[in-house]
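See below for the structure under consideration.
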Amino acid sequence: MRGVLMVAEKPSLATSLAQILSNGHCSSRKAINGACSVHEWQGTFRQEPVFFKMTSVCGHVMSLDFISKYNNWDRVDPVELFTCPAEKKEATPKLRMTQLLSQEARGCDFLVLWLDCDKEGENICFEVINAVEGFMKRSVSVPDVVWRAHFSAITDKDIKEAMANLGKPNENEARSVDARQELDLRIGCAFTRFQTRFFQGKYGDLDASLISYGPCQTPTLGFCVQRHDEIQTFKPEPYWVLQVVVKTSEGREVSLEWDRVRCFEKEIAQMFLLQMKEFKETVCSNVSVKEKAKQRPQALNTVELMRVASSGLGMGPHHAMQIAERLYTQGYISYPRTETTHYPENFDLIGTLRQQQNSHEWGSEVKELLSSGINKPRKGTDVGDHPPITPMRAASQSELDGDAWRLYDYITRHFIATLSKDCKYLSTTATFQIGNETFTCTGKTLLDPGYTVVMHWQALGKNETVPNFSEGLTYEIQDVRLGECQTSPPDHLTESELITLMEKHGIGTDASIPVHINNICVRNYVTLGSGRRLIPTTLGTVLVHGYQKIDPDLVLPTMRSAVEEQLNLIAAGRADYNAVLHHTTEIFKLKFQYFVKNIEGMDNLFEVSFSPIAATGKAHSRCGKCRRYMKYIQTKPSRLHCAHCDETLNLPQNGNIRIYKELRCPLDDFELLSWSAGSKGRSYPFCPYCYNNPPFRDMKKGNGCNLCTHPSCPQGMYSLGVSSCVECESGIMVLDPSSAPKWKLGCNKCDVIIHVFEEAHKVTVEEGTCECGAQHVKVEYREDRSRLPKEATEATGCIFCSSDFVPLVEKHRAVQRPMSNRAPRGRGGSRGRGKAKARPPKDKMAQLAAYFV
């Protein structure tokens with residue numbers, strides 16, 4: 001029997017697809033990486049019986065990166081990044097995705113790809129194809145081996161229809177994504193590395209661990225700063241408005257609008273006022289009544305969904321799209337990434353609408369719409385990607401959590417509104433003549449609420465009706481006055497307004513727009529104000545002004561929109577991948593070189609806004625070179641700076657730094673420090689100089705003493721190492737002497753922690769070795785605090801095997817393991833004191849695993 005391997009983009013999607021395609025008769029097992037599942041069943045494919053296997057990836061299988069030689073910031077000139085070799089690496093090595101795919105592909109004859117139907121999905125298709133190449137029974141280059149499913153919703157009908165009409169993956173679209181990835185990598189990394197190194201070494205209060213540049217991110221920030229500059233340079237100007245109040249026949253007072261709107265000359269405005277005061281009455285010269293319509297919305301696309309989520313629902317676009325993705329994979333809505341606002345001709349509008357007729361929220365409106373007949377939706381734009389976003393099945397508020405329900409509620413109401421009538425109303429304008437001046441009063445009278453019954457927030461206000469004025473009648477002027485006002489500056493951009501600008505100028509795609517907005521927020525370039533307004537920080541403002549001073553193209557949207565056009569041509573098969581890549585890279589390389597030569601222009605702006613690094617921070621620990629105190633700078637990133645040596649040392653981030661027992665490193669005489677993420681997190685002592693300048697070849701930058709291979713240092717791995725890690729392949733459990741009195745051992749490669757001997761007076765690692773391979777540990781208690789059996793004050797043994805120690809040992813994972821403090825990957829060195837690394841026996845491993853929480 002032939003085998004068919006099917007691959008979805010997410011584990012949850014694979015489960016849904018398998019249930020639909022197998023009609024609920026599939027068996028499931030965990031894949032080798034533990035994160036994905038494999039669903040299996042027998043069925044028919046291409047008119048023959050086959051064995052199906054459905055599994056998934058977790059997004060991209062591969063990511064583009066420079067070869068390891070060029071990932072050293074200190075040794076590589078950033079300009080080399082424009083031409084140096086780059087390679088595809090496994091995106092998340094811990095998931096072992098390529099191993100999973102190759103293993104499941106063995107014995108299979110066909111590959112069916114169920115990746116999201118967009119350009120990124122096409123790119124992942126070819127990552128999967130490359131991973132299974134050579135492991136399937138037949139080569140993937142054979143025409144009838146690899147197939148691509150095209151679908152827009154997770155429903156029985158859509159999925160089975162996609163299975164019956166399989167196509168081929170689009171290599172041109174995949175190549176356009178490869179081009180975008182490479183351009184963003186080369187351009188972004190070159191500028192980011194140069195900026196970060198140049199400015200962090202000079203200024204102490206930047207409060208940014210990374211000063212990044214992005215071909216899309218920076219123009220996005222530019223829009224925010226441009227509006228901020230308009231606000232800062234705005235000069236208010238006074239103006240005057242003539243305000244007239246008349247009394248209706250019913251005794252109601254009504255304000256009239258001046259046709260001139262406003263006057264900027266006070267003397268002229270006062271002249272108009274004097275003329276108006278001569279009149280006590282006014283005649284209604286004309287009453288105009290017109291029937292108007294408020295158009296129902298077009299079908300919903302991604303950009304409009306993000307705009308409404310931000311302005312109407314108070315959700316950031318990034319958060320809103322995460323929720324939309326989840327609703328999609330759960331089968332509640334259609335694919336949420338689309339630029340199309342026009343329903344396909346064969347779209348089942350009635351069937352989709354009928355699913356909502358039993359809803360407690362809008363069921364009555366849907367039934368009425370079905371009985372009276374739906375209206376033909378407004379003609380939108382068909383981009384040819386996916387149908388507009390629509391609800392795929394009914395849901396209730398009890399099924400979905402708060403934000404998910406609010407987003408689903410809006411999507412469904414929008415869909416119903418597109419099939420409803422326009423909102424119709426009468427627009428009435430009454431015109432009055434007072435001397436030579438004309439005044440008006442306008443109002444609206446509702447005729448048919450139409451779609452606003454479901455989109456109630458767009459309904460006409462109750463106070464929008466106009467009083468009953470009759471043409472030719474005279475009305476008493478109740479009051480005439482001159483109102484003084486001032487022009488006001490525009491407000492900061494909202495996320496909704498920024499999304500509109502990005503779409504208009506071609507910055508990013510419907511998938512990447514929320515990512516770019518999120519990036520400028522998390523990187524401290526803007527802060528989120530009330531009404532979800534984006535307010536540039538000092539750093540964000542200075543960066544944009546610096547780019548404008550050196551090379552405005554770096555921040556203008558025109559550069560990126562031109563690149564996007566070229567990428568779209570690659571996707572359409574109308575431009576050569578290598579030619580576009582080479583041409584664009586060369587342009588940005590020249591711009592980078594010019595930027596580096598003229599960096600003083602930006603530096604002058606930084607000098608005005610930020611303090612020199614020597615003038616910030618507090619005296620902390622001694623320098624090993626000059627023995628003077630170095631200053632501890634606590635802004636992001638935290639650093640130590642020696643003003644005398646003019647040297648800045650990076651520190652571990654996202655934790656507490658303190659001096660460690662006033663001890664010194666035997667290699668460089670710098671005072672030792674300790675870093676801690678809290679009592680339930682990781683911690684270790686470290687030498688600040690060794691942390692930045694690894695003393696041994698087998699050490700990497702950013703290591704603490706728990707990874708130091710100094711043969712005799714009492715703080716090093718060889719002196720304090722106890723055993724191999726109970727979980728990871730290359731880690732060693734090292735005693736943390738800075739953790740007393742809440743003693744703990746921590747793996748120097750992963751986040752496994754063993755808490756031991758709480759309130760012990762002293763814990764030391766001994767020379768002796770247990771049969772399991774772990775070093776013996778000696779613990780000493782004070783007499784009044786001993787927790788050892790028989791009131792003993794000290795004991796020596798193996799923490800894994802000694803029965804006296806078992807009640808005093810607690811194993812778990814660190815509560816928090818910040819990315820910046822992860823130990824670098826690499827092969828483990830030899831065990832301390834000349835012994836080979838040892839691992840507790842399997843029964844001990846099982847015993848330890850039982851303690852993990």
Side-chain angles (χ1 to χ4, degrees), residues 12 152-155 294-338 341 343 347-370 374-375 377-378 380 386-423 449-461 494-496 499 510 514 531-532:
S12 58
S152 297
I154 316 301
T155 63
K294 193 174 182 180
Q295 281 192 314
R296 59 194 181 278
Q298 288 184 327
L300 183 64
N301 68 1
T302 305
V303 170
E304 182 63 18
L305 177 64
M306 290 189 291
R307 273 198 288 252
V308 172
S310 177
S311 61
L313 304 179
M315 297 182 202
H318 190 255
H319 177 57
M321 289 312 297
Q322 287 178 325
I323 294 172
E325 287 279 356
R326 191 165 72 245
L327 289 172
Y328 161 66
T329 56
Q330 293 171 341
Y332 288 105
I333 65 172
S334 61
Y335 191 61
R337 300 192 187 280
T338 176
T341 57
Y343 296 115
F347 193 88
D348 186 7
L349 295 171
I350 297 289
T352 306
L353 184 64
R354 191 173 285 123
Q355 292 177 338
Q356 303 294 332
Q357 63 185 345
N358 296 320
S359 168
H360 295 297
E361 304 290 335
W362 44 73
S364 58
E365 289 86 351
V366 170
K367 287 176 182 176
E368 185 177 337
L369 188 57
L370 287 169
I374 66 170
N375 290 270
R378 286 175 58 198
H386 285 275
I389 306 168
T390 55
M392 285 289 102
R393 63 184 173 100
S396 64
Q397 196 164 355
S398 59
E399 287 179 58
L400 303 171
D401 60 27
D403 283 349
W405 167 253
R406 291 167 64 219
L407 200 66
Y408 176 84
D409 177 273
Y410 171 74
I411 291 169
T412 306
R413 289 182 184 275
H414 188 108
F415 169 69
I416 298 169
T418 62
L419 306 180
S420 302
K421 296 178 182 178
D422 291 342
C423 172
Y451 78 92
T452 62
V453 172
V454 285
M455 295 183 76
H456 48 79
W457 56 90
Q458 292 191 18
L460 297 183
T494 62
E495 286 175 330
S496 178
I499 291 167
D510 53 5
R532 303 201 69 84

Side-chain contact test, heavy atoms from C-beta onward, threshold under 4.5 Å: evaluate it for Leu400 versus Leu407 and give yes or no. no

Side-chain heavy atoms of Ile374 within contact of Leu349, under 4.5 Å: yes

Counting only N and O atoms by type, is there a donor-acceptor contact under 3.5 Å from the side chain of Arg296 to the main-chain atoms of Cys423? no

Let me see the working for Met306 and Glu495 under side chain to side chain contact (heavy atoms under 4.5 Å, CB included), right down to the final yes or no. CA-CA 9 Å; Met306 290 189 291; Glu495 286 175 330; over 6 Å; no

Has Arg532 got a side-chain atom pairing as donor or acceptor with Gly314's backbone, closer than 3.5 angstrom? yes

Would you be so kind as to tabulate the donor-acceptor pairs closer than 3.5 Å made by side chains of residues 319-326, with sequence neighbours excluded?
{"unit_1": "His319", "atom_1": "NE2", "unit_2": "Asp403", "atom_2": "OD2", "d": "2.9"}
{"unit_1": "Glu325", "atom_1": "OE2", "unit_2": "Arg337", "atom_2": "NE", "d": "2.8"}
{"unit_1": "Glu325", "atom_1": "OE2", "unit_2": "Arg337", "atom_2": "NH2", "d": "3.2"}
{"unit_1": "Arg326", "atom_1": "NH2", "unit_2": "Asp401", "atom_2": "OD2", "d": "3.4"}

For Thr338, is there any backbone N or O sitting under 3.5 Å from a side-chain donor or acceptor partner on Asp510? yes

Can you give me every donor-acceptor pair (side chain of residues 391-399, partner residue at least two apart or in another chain, under 3.5 Å) with its distance?
{"unit_1": "Arg393", "atom_1": "NH2", "unit_2": "Gln330", "atom_2": "O", "d": "2.9"}
{"unit_1": "Ser396", "atom_1": "OG", "unit_2": "Ser398", "atom_2": "OG", "d": "3.0"}
{"unit_1": "Ser396", "atom_1": "OG", "unit_2": "Glu399", "atom_2": "OE2", "d": "3.4"}
{"unit_1": "Glu399", "atom_1": "OE1", "unit_2": "Tyr332", "atom_2": "OH", "d": "2.8"}
{"unit_1": "Glu399", "atom_1": "OE2", "unit_2": "Ser396", "atom_2": "N", "d": "3.1"}

How many angstroms lie between CG in Leu300 and CG in Leu305, if you round to the nearest 0.5 Å? 5.0 Å

Looking at Lys421, I want to see if its NZ is surrounded by more than 12 non-hydrogen atoms of other residues, nucleotides or ligands under 6.0 Å. no

Can I get a per-line list of side-chain donor-acceptor pairs under 3.5 Å for residues 452-461, giving both atom names and the distance, sequence neighbours left out?
{"unit_1": "Thr452", "atom_1": "OG1", "unit_2": "Pro449", "atom_2": "O", "d": "2.6"}
{"unit_1": "Gln458", "atom_1": "OE1", "unit_2": "Tyr451", "atom_2": "OH", "d": "2.7"}

Any heavy-atom pair between the side chains of Arg354 and Ile350 that's under 4.5 Å? yes

Decide side chain to side chain contact (heavy atoms under 4.5 Å, CB included) for Ile416 and Val366; before the verdict, give the C-alpha distance in whole Å, the side-chain angles of both, and the deciding distance to 0.1 Å. CA-CA 7 Å; Ile416 298 169; Val366 170; 3.6 Å; yes

Do any N or O atoms from the side chain of Ser334 and from the backbone of Ala153 form a donor-acceptor pair under 3.5 angstrom? no

If you look at every heavy atom in Thr352 and Phe347, which pair is closest and at what distance? OG1-CE2, 3.8 Å

Atom CD1 of Ile154 and atom OG of Ser12: how far apart are they, to the nearest 0.5 Å? 9.0 Å

Arg378 CZ to Thr341 OG1 distance, which is reported to the nearest 0.5 Å: 8.5 Å

Heavy-atom nearest pair, Tyr343 first then Thr418, reads OH-OG1, 3.1 Å

One should read off an interatomic distance between Leu353 CG and Leu370 CG, to the nearest 0.5 angstrom, of 4.5 Å

Only one of Gln355, Gln356, Glu361 passes side chain to side chain contact (heavy atoms under 4.5 Å, CB included) with Thr412, and that residue is Gln356

Any chance you could measure Ile389, atom CD1, to Asn301, atom CG, to the nearest 0.5 Å? 6.5 Å

Note: Asn375 and Ser420 closest approach over all heavy atoms is ND2-C, 3.4 Å

His414 side chain to Asp409 main-chain N or O, any donor-acceptor pair under 3.5 Å? no

Can you check whether Arg307's main-chain N or O pairs, donor with acceptor, with Ser310's side chain at less than 3.5 Å? no

Approximate separation, where rounding is to 0.5 Å, of Thr329 OG1 and Tyr335 OH: 11.5 Å

